[in-house]
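Here the structure comes first, spelled out in structure tokens, and everything after it is commentary.
A, B, ... follow the sequence lines: proteins, then strands. Residue 1 opens every chain. None of the values given here were measured: they were computed from a predicted structure. Every heavy atom of this structure was used, including side-chain atoms; hydrogens, water molecules and symmetry mates were not.
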There are 2 protein chains.
Amino acid sequence: MGTTSKALTLLDLFTRSRPQIGLSELARLSGTNKATCYRLMSELVEHGLVEQVVSSKEYRIGPAVLRLAALREATVPTREAALPILQALAAATGETAHMSHLVAGQLVTLSFAYPAAHGMRVMMEDADRLPFHATSSGHAVLGWMEDAALARVLEGPLATAPGLVPVTADDLRARVAAARARGWAETANTFEADVSSFAVPLFDAQGQVQGALAVAAAAPRLTDAARITIPRQLIAAAREIMALWGGHPPAELSALWRKTEQPTEKVQG
Amino acid sequence: MGTTSKALTLLDLFTRSRPQIGLSELARLSGTNKATCYRLMSELVEHGLVEQVVSSKEYRIGPAVLRLAALREATVPTREAALPILQALAAATGETAHMSHLVAGQLVTLSFAYPAAHGMRVMMEDADRLPFHATSSGHAVLGWMEDAALARVLEGPLATAPGLVPVTADDLRARVAAARARGWAETANTFEADVSSFAVPLFDAQGQVQGALAVAAAAPRLTDAARITIPRQLIAAAREIMALWGGHPPAELSALWRKTEQPTEKVQG
DNA sequence: CCTGTTGGTTTATTATGTGAACCATCGGTT
DNA sequence: AACCGATGGTTCACATAATAAACCAACAGG
């Protein structure tokens with residue numbers, strides 16, 4: 001592995017639940033030598049990608065990423081442009097909507113919107129990685145990635161939090177297949193308790209999966225009617241978002257979506 | 001120089017005006033070998049910090065920075081928290097307000113706000129680096145950094161755009177000294193034509209300069225009254241922003257600011 | 001006063017990154 | 001078509017730069 005990759009791997013260790021990390025812990029987590037780790041972090045600090053808290057000497061993500069992010073949004077406005085659509089989706093469904101992106105093989109929630117309607121909401125945190133195996137977004141994207149992607153996930157841990165629905169390998173394969181066959185994915189109580197989640201994949205101009213659009217609904221108030229309308233609203237919103245990007249779903253998915261949107265029409269050979 | 005630093009230097013080449021760069025040009029700009037450059041970029045791509053446009057093969061900033069930026073804002077909400085204050089400042093002054101941060105020795109505009117009032121506005125672009133020598137923000141921060149910082153700037157080019165006020169070395173020294181002596185900086189026609197700019201430095205909890213808060217006013221409509229009120233409004237807003245961060249100006253600056261805010265009171269020994 | 005932390009530094013060893021030269025491909029000119 | 005000057009990408013001998021282990025000073029708790 002290249003040295004640069006090692007340094008960048010260190011960045012991946014910073015998460016929402018672990019935003020500041022000391023040198024020793026960082027070395028432990030990354031499996032690198034402390035001296036190595038120190039040097040790498042020093043270089044990251046030098047460029048502002050990471051900064052060191054003066055009091056505790058812990059490291060945390062630095063201000064340079066803000067410039068890069070602003071520049072990214074200026075060149076490829078994926079996030080900001082999609083936000084209004086996300087908000088409309090949240091308003092229409094009355095549930096939390098969120099969009100996640102496939103970055104470096106991981107699924108990262110980058111934007112979300114809450115409905116104004118209900119007091120109870122499914123809360124989301126951005127900048128968090130979603131596990132492929134336990135989220136509808138994960139299933140939705142896996143359905144349209146190379147088979148190797150699913151294989152990689154199956155090699156990893158498939159644990160769900162205690163009290164939630166466990167996911168076995170066969171289970172996951174079936175869920176991903178179902179997501180592909182149906183055009184959208186649905187999960188319940190796999191990632192968060194009492195949350196039912198619906199998701200569709202998002203594609204770029206090259207027809208590559210880029211991420212997923214999802215609605216996370218409070219299970220107790222999920223009606224049968226909502227079970228039918230939410231996928232339709234998801235599909236409509238996904239189309240809007242992809243239109244912004246110049247992306248489009250593969251023909252196969254497009255056909256599935258049309259069936260979902262117009263369930264009364266029979267497909268005519 | 002470490003390999004990681006070289007890779008990160010490549011990231012710095014992407015700017016607002018040059019958001020996508022091909023391999024050869026990147027190697028030229030960075031002064032590295034093409035093969036080296038290729039390998040470094042490949043590693044950056046692998047981690048999503050950079051992505052390659054499929055059609056042109058050019059590189060651009062990748063989606064991974066969005067996660068990092070969201071994480072940064074979640075850990076240290078400098079930008080988002082200050083935004084309302086910035087907007088209030090823009091509204092109060094009727095001019096464009098912007099905040100820039102000192103990151104890795106460079107001054108980067110990270111947020112700005114426009115006034116609703118006037119049709120004519122000084123436009124800003126975020127994620128752009130401000131030249132120290134030609135901006136009031138630059139003078140403001142240089143006044144409170146180590147002398148070496150000013151020395152470094154004096155070593156570099158002091159050019160201004162054609163038609164604008166040129167800045168000599170002595171000039172710059174005098175301007176920085178004035179900014180320090182007065183507690184705020186003021187420039188006219190050095191960075192943009194017909195723009196007068198006012199700025200104050202911002203400090204963190206350790207008393208280190210972190211950036212600058214500035215108001216960029218359209219010179220034609222700048223009244224004598226505004227010349228007096230804008231610095232006061234800047235100071236008030238800077239105090240608010242620093243309060244959010246837990247920062248505070250050094251005692252010397254604090255005293256200067258008090259004099260500016262209450263110009264009628266005589267300082268009593 | 002011992003023990004286990006922490007962040008940080010030094011060293012010889014060696015793995016890693018490097019630059020020059022090379023290829024294949026593209027788009028425009030002659 | 002043949003040529004030119006670009007481009008992105010690859011190869012390989014060589015030297016620089018990264019590494020791991022051991023060490024240090026400082027701190028906290030028992």
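- Contact of B:Lys34 with C:dG19 (side chain to base): no donor-acceptor pair of N or O atoms is detected under 3.5 Å.
- As rounded to whole Å, 15 Å separates atom C1' of C:dG8 from atom CG of A:Leu40.
- Proximity of B:Ser24 to the phosphate of D:dG8: a side-chain N or O atom is located under 4.0 Å from OP1 or OP2.
- If you take CZ of A:Arg39 and P of C:dG17, they are 10 Å apart, rounded to a whole angstrom.
- At the phosphate of C:dT6, neither OP1 nor OP2 sits under 4.0 Å from any side-chain N or O atom of A:Tyr59.
- If you check D:dG8, D:dT19, C:dG7 against the side chain of A:Lys57, the one that comes closest is C:dG7.
- At D:dA6, none of the side-chain N or O atoms of B:Arg28 fall inside 4.0 Å of OP1 or OP2 (strictly under the cut-off).
- A straight line from CG of A:Leu26 to C1' of C:dG7 spans 12 Å, rounded to a whole angstrom.
- Rounded to an integer number of Å, the gap from OH of B:Tyr38 to C1' of C:dA24 is 14 Å.
- Here the closest non-hydrogen pair linking B:Trp245 and B:Gln210 is CZ3-CB, 4.0 Å.
- If you check every strand for non-hydrogen atoms under 4.0 Å, B:Gln52 touches sugar and phosphate atoms only.
- As a whole-Å value, the separation of B:Leu23 CG from D:dT7 P is 9 Å.
- For B:Ala35, counting side-chain heavy atoms from C-beta on, the closest listed nucleotide (D:dG9, D:dT10, D:dA18) is D:dT10.
- In this structure, B:Thr3 OG1 and B:Arg39 CZ are separated by 7.0 Å, a value rounded to the nearest 0.5 Å.
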I would like to know whether A:Arg239 and A:Ser254 meet side-chain contact (heavy atoms from CB on, under 4.5 Å); could you show each step before the answer?
-> CA-CA 10 Å; A:Arg239 284 226 167 92; A:Ser254 216; 4.0 Å; yes

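- Separating the CG atom of B:Leu29 from the P atom of D:dT7 is a distance of 11 Å, rounded to the nearest angstrom.
- Taking atom CG of A:Asn33 as the reference point, atom P of C:dT13 lies 17 Å away to the nearest angstrom.
- Put simply, the side chain of A:Arg129 reaches to within 4.5 Å of the side chain of A:Asp12, judged on heavy atoms.
- For B:Glu43 and C:dT16, the CD to P distance is 11 Å, given to the nearest whole Å.
- For CD of A:Glu80, the number of neighbouring non-hydrogen atoms (other residues, nucleotides, ligands) closer than 6.0 Å is 12 at most.
- Ranking D:dT19, C:dT18, C:dG7 by closeness to the A:Thr3 side chain, first place goes to D:dT19.
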